[in-house]
Amino acid sequence: MSLIETTMVGEETAGEAPSVSRPEQPMQEDLGSDFQTVGEVRVDNPAISTTGVQVYYGEKHAIRNVSLDIGKNQVIAMIGPSGCGKSTYLRCLNRMNDTIEGCRVEGEILLDGENIYDKSIDVVALRARVGMVFQKPNPFPKSIYDNIAYGPKIHGLAANRTELDEIVERSLRRAGLWEEVKDRLDAPGTGLSGGQQQRLCIARAIAVEPEVVLMDEPASALDPIATARIEELIDELRENYTIAIVTHSMQQAARVSQRTAYFHMGHLVEVGETTQIFTNPRHKLTEDYITGRFG
Amino acid sequence: MSSGNSVSPSFEKVQASLARRYARERRFRAMGLGAILLGLSFVAILFITIIGNGYTAFWQTYIRLPVYLDPQVIDPQGTRDPEVIRQASFRKLVRQPLREMFREVKGRRDKRLLYKLLSDDAPHEVQQRVIDDPSLIGRKVELWLLADDEVDMLVKGHIPRETLLEGRKAKLVGWVDRLQAEGRIEKRFNVPFFTRGDSREPEQAGIAGAAAGSFYTLLVTLLLSFPIGVAAAIYLEEFAPKNRLTDLIEVNINNLAAVPSIVFGLLGLAVFINWFGLPRSAPLVGGLVLTLMTLPTIIIAGRAALKSVPPSIREAALGIGASHMQTVTHHVLPLALPGMLTGAIIGMAQALGETAPLLMIGMVAFIVDIPQGPLDPATVLPVQIYLWADSPERAFVERTSAAIMVLLAFLIAMNALAIVLRRRFERRW
Amino acid sequence: MLPAEETGENGMQNSVILIVLLLLTALGYHLGRRRALHSVGGTQAIRHLHSLPSYYGLYVVLWAVIPALLVMLLWGLVQDTVLNELIISTLPPEMQSLPPERLGLLINDIHNLAVGNITSEAPSPAIKAAADHLRSLQAVADLARAVVVLAIATAGALFAWRAISPTMRARNRVESILKGLMVASAMVAILTTIGIVLSVLFESLRFFQKVPVTDFLFGLEWSPQIAIRSDQVGASGAFGAIPLLAGTLLISFIALVVAVPIGLMSAIYLAEYASPRLRAWAKPILEVLAGIPTVVYGFFAALTVAPFIRNLGESVGLDVSSESALAAGLVMGIMIIPFVSSLSDDVINAVPQSLRDASYGLGATQSETIRQVILPAALPGIMGGVLLAASRAIGETMIVVMAAGLSANLTINPLEAVTTVTVQIVTLLVGDQEFDSAKTLAAFALGLLLFLITLSLNIVALRIVRRYREQYE
Ligand SMILES: Nc1ncnc2c1ncn2[C@@H]1O[C@H](COP(=O)(O)OP(=O)(O)OP(=O)(O)O)[C@@H](O)[C@H]1O
Ligand SMILES: [Mg+2]
């Protein structure tokens, strides 16, 4: 795996920090289409490796030439101002963008060395390997049990009811929800609290035994206590899964992730060890963002 | 995914299930597509049946005969007075050429059959010609005369020759063949179909009466339901306070929209005819009943149109000191009007196709005269279709289908107008 | 609403009144405006007026028109009744004491004679005199009406005109009158419902005096023809509604069996699978089915479908009635396909995208997502839609009138002929009827039954649909 290292010349962006009042002002023209990410985009043992990813929504160019590795059994956090393309990039990783009309993805996204946008790749099987948790908890209007069992059932993971029961229990335990719901598995999943619902969704995602779990702002709809619970959970899950998480909270990124990627206007501006990004950002835009000057 | 370097056991199960799942996916998709195709083919079959049965009705069989307009019969005194001509009997004159042409026909029964080649109306036609042009009297003129419906059906091939040949009218076939060989039979555009009222004789039956009835009925409906519907929509959307009464009105409107149409007919019969004593079979009563039926449609569409006017426009008007009513009448209403008109047109289209409630209020009578106003007894197009569909003559099948084609043409035109209107005034904000 | 008119002459008189009224309003508008302007001394001082001058004009107009039209309407409604009473009071006593129906016929004869029509039998001198009397009364009444209406219009206009002063809040008054008219328009919906309930209920009650409710609701036999002769009192057993209900349900059930799968599956396909191009074409074409008048379906059923099914049955050795429930149900099903599909479409689209995302995110195929997530989530809404469709089918008239049978047949065999509630209403009421016979009244009882059934279905369905919508809002 080649290591691409690029640095930015400071002058290029000096004095170009967008004003606070105009955060939506297009900066990308200034970053230029040949902009190169600051920091090390490659890792030794990637679960997913992407190169030159471009995403278009019709005419709109939402992701510009992003190359990034996601390390195995690591948590990578993606941060950046609203609309910079974090969700878009994340959704490329299990081809959830396929469901959006007019969305076009270019570039290379390798999962275990195979391009997931290759014709021979089966989306269904892919999504069984790369699961996703969404911003708003979205339990199915079914019982808690059926919510968890849905994935294993459709994929034929359980040979019989006992196996299914085991999967459900294991997933709920891993998601730290078992103790709270074990007596009411037949109750509707929509009847749980917001935090519980989100953990239910995480349990649902891991019930399929994916290799990678993508989380798009999984705690943004939750109160601080529920958020803390989810963060703990993410940290525990790291042992078995690779996790990519989009978040708006820098503290959260700092708490749960090993690596952090900073997106801006569709560009991946900077990526590196989380501690480095937050203590010693190398790009001006990253610094502006984490010091709260905009975004 | 084939690279098996780090494939988990669960993933293998996923792989194993794929073929079966995709098969199911394909089946489901095929079912969906099948449902659509089935639905579309229903539309196609319906239209093909109607058009296939009906298009021939727009042409009608005529027979060309050399009619001697005998002055002795028509106008012995030579007055050329239309009144005199009107008194004269033209039947003989019309039958004469047939007799001459088919001299071999003897016997009363056969002769009567021979005369049945022509429609009952043929003498009147000739009479009208002579009244229009009295100089024809005394001449022998070749005239195209309306053929009887049975001849018409035979010529058009709707009655198989074989069935006729077996019956007591077998001779008819030979005569028609001979006339045809002599070039005396022709299909011409069926003007009477569009200019006449109903008749027991298929070849003389037209839709003009029913069309006029439909026109007056819809006129009454439109004049009542549009203003009332618009006023109600404005009130409910713009002025009504949220209280029990307005809730009740809303519930009523929604439920009325789903009440079977025949129940409105019962209402019309009990209230308008028996209680108010309005005349039966009158377009006025039909219009009243259809007004009550279409009101929910118009009110609901009107409210939707009002809702789509952005609040900013109301705020702008109120902000410069316009009263609530002025805001609505000067600013909101003009913007919502196209939407309301669209709703009204769709409501009218519904009303135009409505049959059942009109049966209840007596608009099913057999009416030959074309109604001249909303109080004359009348029928409407759909009821005319119903009446003709019930008639046993084969020729009425063709006419029913043709009447349906006319009705559908009106409906399509109205809906097209609604669509154009909607496109034209599509909101620009 | 125009009052009952029997002659063109009368209609002309109406238009004359209306035209004069129109002229009056134009004059009133002009005068009202002018008085308002004069009251402040001309256009320069217009700002001293409380409202724009045109509102003063409008105020006069409204005062002129509304009371006059109301009186005209009322007059039209009562004139005939009053005149009839007057005429009856002048008739010889032996005629006055006739039973109501005979008296009604007599009055009819008098009316016919008065407008110059031929009556059923040679009129007696008393009747002739009455007709002459009626004619003169009518002339007087019509003249009086014209005078009264126009006088009221003038008085109203004058009253409003005199009230005009610079401080009069003309705009507010005009607006509250307009608002009153709007409220009245909105009330029409309630009045219609009340009208339906009262008219149907009233006649039904009269029916239930002749035939016990229980016999009607639970009777297994329906043959109203037996009761044609009024001396056949014992014919009450022939008014059992059960066979009609059974027939209605059978046909509606067949219709739903056709419409629900096709409508639902096509809605699903169009919403989830179809390309925008196919959607743009197929959707409106399917909706054409909803715009076709039911009489056309009836013709189609009777002319094409019923013989087709009959022949099909014969070819496999089945005895199919030419008015089979199957044919009517099938065609009715075709008619309600767009109904089911557009309601399902609404409901399916209301299922939030997040649920789809969740399912796809787990690696579900499209059909798995639809079957196991979207449909269960949409089920209440779809149920509501099906109930609405059922109420449509139950109340549908023309298809069954033209394609279903007339004889009440208690069966669930779709190949036999059955009759329905709506068919019987039509058969009982079309053609000549006396308004008092049990036969005629039975139609209203059936109407009441139909109204109640569809109403409760609608209420339940609308409630389900509303609750479903709220769930995802
Ligand atoms: N379905 C879509 N169609 C068109 N444009 C889209 C679509 N989804 C996103 N975009 C655009 O793509 C860009 C990136 O969107 P994305 O949702 O990835 O941003 P984000 O970084 O996740 O923002 P947020 O933090 O607010 O969630 C935005 O400019 C957005 O407007
Ligand atoms: Mg996002």
Legend entry - Leu408(B) versus chain C, the contacting section by heavy-atom distance below 4.5 Å: side chain
Inset, instruction - Name the region of Ile228(B), side chain, backbone, both or neither, that has any atom closer than 4.5 Å to a heavy atom of chain C. - result: both
Legend entry - Proximity breakdown for Tyr297(C) and chain B, heavy-atom pairs closer than 4.5 Å: side chain
Legend entry - Salt-bridge present (Glu175(C), Arg171(C); N to O < 4.0 Å): yes
Inset, instruction - Please flag which part of Ile285(C) lies under 4.5 Å from any non-hydrogen atom of chain B: side chain, backbone, both or neither. - result: both
Legend entry - Interchain contact, Leu40(B) with chain C, by part (heavy-atom threshold 4.5 Å): both
Legend entry - Region of Thr422(C) that comes under 4.5 Å of a non-hydrogen atom in chain B: both
Inset, instruction - For residues Leu269(B) and Phe444(C), determine if any side-chain heavy atom of one lies less than 4.5 Å from a side-chain heavy atom of the other. - result: yes
Legend entry - Val188(C) portion near chain B, given a 4.5 angstrom heavy-atom threshold: side chain
Inset, instruction - Could you tell me which portion of Leu295(B) (side chain, backbone, both or neither) has an atom closer than 4.5 angstrom to a non-hydrogen atom of chain C? - result: side chain
Inset, instruction - State the CD-CG distance between Glu354(B) and Leu381(B), to the nearest 0.5 angstrom. - result: 13.5 Å
Inset, instruction - Tell me, out of Met31(B), His324(B), Arg29(B), who's got the most heavy-atom pairs with chain C below 4.5 Å. - result: Arg29(B)
Legend entry - Interatomic distance, Glu250(B) atom CD to Asn255(B) atom CG [nearest 0.5 angstrom]: 11.5 Å
Legend entry - Contact check, side chains of Ser214(B) and Pro382(B), non-hydrogen atoms, under 4.5 Å: yes
Inset, instruction - Measure distances from Leu256(B) to the heavy atoms of chain C and classify the residue's part below 4.5 Å as side chain, backbone, both or neither. - result: side chain
Inset, instruction - Could you look at Gln372(B) and say if it's the side chain, the backbone, both or neither that has a heavy atom under 4.5 Å from chain C? - result: neither
Inset, instruction - With rounding to the nearest 0.5 Å, note down the distance linking NE2 in His330(B) to CE in Met325(B). - result: 10.5 Å
Legend entry - Greatest number of heavy atom pairs closer than 4.5 Å to chain C - which of Ala282(B), Ser401(B), Pro227(B): Ser401(B)
Legend entry - Side chain, backbone, both or neither of Ala356(B) within contact of chain C (heavy atoms, under 4.5 Å): both
Legend entry - Part of Ala302(C) within contact of chain B (heavy atom distance under 4.5 Å): neither
Inset, instruction - Can you measure from CG (Leu288(B)) to CZ (Phe272(B)) and round to the nearest 0.5 angstrom? - result: 4.5 Å
Legend entry - Under 4.5 Å from a heavy atom of chain C, the part of Tyr386(B) involved: both
Legend entry - Atom group of Leu407(B) that falls short of 4.5 Å from chain C, counting heavy atoms: side chain
Legend entry - Atom pair CZ/OG1 of Phe299(C) and Thr294(C) - distance to nearest 0.5 Å: 14.0 Å
Inset, instruction - For chain C, find which of Val397(B), Leu33(B), Ile253(B) contributes the most heavy-atom pairs closer than 4.5 angstrom. - result: Leu33(B)
Inset, instruction - Pick whichever of Gly353(B), Gly373(B), Gly32(B) has the most heavy-atom pairs under 4.5 Å with chain C. - result: Gly32(B)
Legend entry - Toward chain B, the part of Leu303(C) with a non-hydrogen atom under 4.5 Å: side chain
Inset, instruction - Look at atom CZ of Phe202(C) and say whether more than 12 heavy atoms of other residues, nucleotides or ligands are closer to it than 6.0 Å. - result: no
Legend entry - Max heavy-atom pair count under 4.5 Å with chain C, selected residue of Ile385(B), Thr400(B), Leu236(B), Ile299(B): Thr400(B)
Inset, instruction - Report yes if the side chains of Arg280(B) and Pro377(B) come closer than 4.5 Å at any heavy-atom pair, otherwise no. - result: no
Legend entry - Region of Leu457(C) that comes under 4.5 Å of a non-hydrogen atom in chain B: neither
Inset, instruction - Give, as side chain, backbone, both or neither, the part of Leu462(C) having an atom under 4.5 angstrom from any heavy atom of chain B. - result: side chain
Inset, instruction - With a 4.5 angstrom heavy-atom cut-off, could you sort out which part of Ile50(B) is near chain C: side chain, backbone, both or neither? - result: side chain
Inset, instruction - Flag the one option from Thr49(B), Val271(B), Ile346(B) with the top tally of heavy-atom pairs under 4.5 Å to chain C. - result: Thr49(B)
Inset, instruction - Verify the neighbour count for atom CZ of Arg392(C): are there more than 12 heavy atoms of other residues, nucleotides or ligands below 6.0 Å? - result: no
Legend entry - Contacting region of Val401(C) [heavy-atom separation from chain B under 4.5 Å]: side chain
Inset, instruction - Side chain from CB out, backbone as N, CA, C, O: work out which of these in Ile268(C) comes under 4.5 Å of a heavy atom of chain B, or both, or neither. - result: side chain
Inset, instruction - Go through the side-chain N and O atoms of Glu25(B) and Thr365(C) and say whether any donor and acceptor fall under 3.5 Å apart. - result: yes
Legend entry - Shortest non-hydrogen separation from Met414(B) to Leu352(B) and the atoms involved: SD-CD2, 3.8 Å
Legend entry - Which atoms of Asp390(B) approach chain C - backbone, side chain, both or neither, heavy atom under 4.5 Å: neither
Inset, instruction - Rounded to the nearest 0.5 Å, what's the gap from CG on Leu292(B) to OG1 on Thr192(C)? Could you check? - result: 4.5 Å
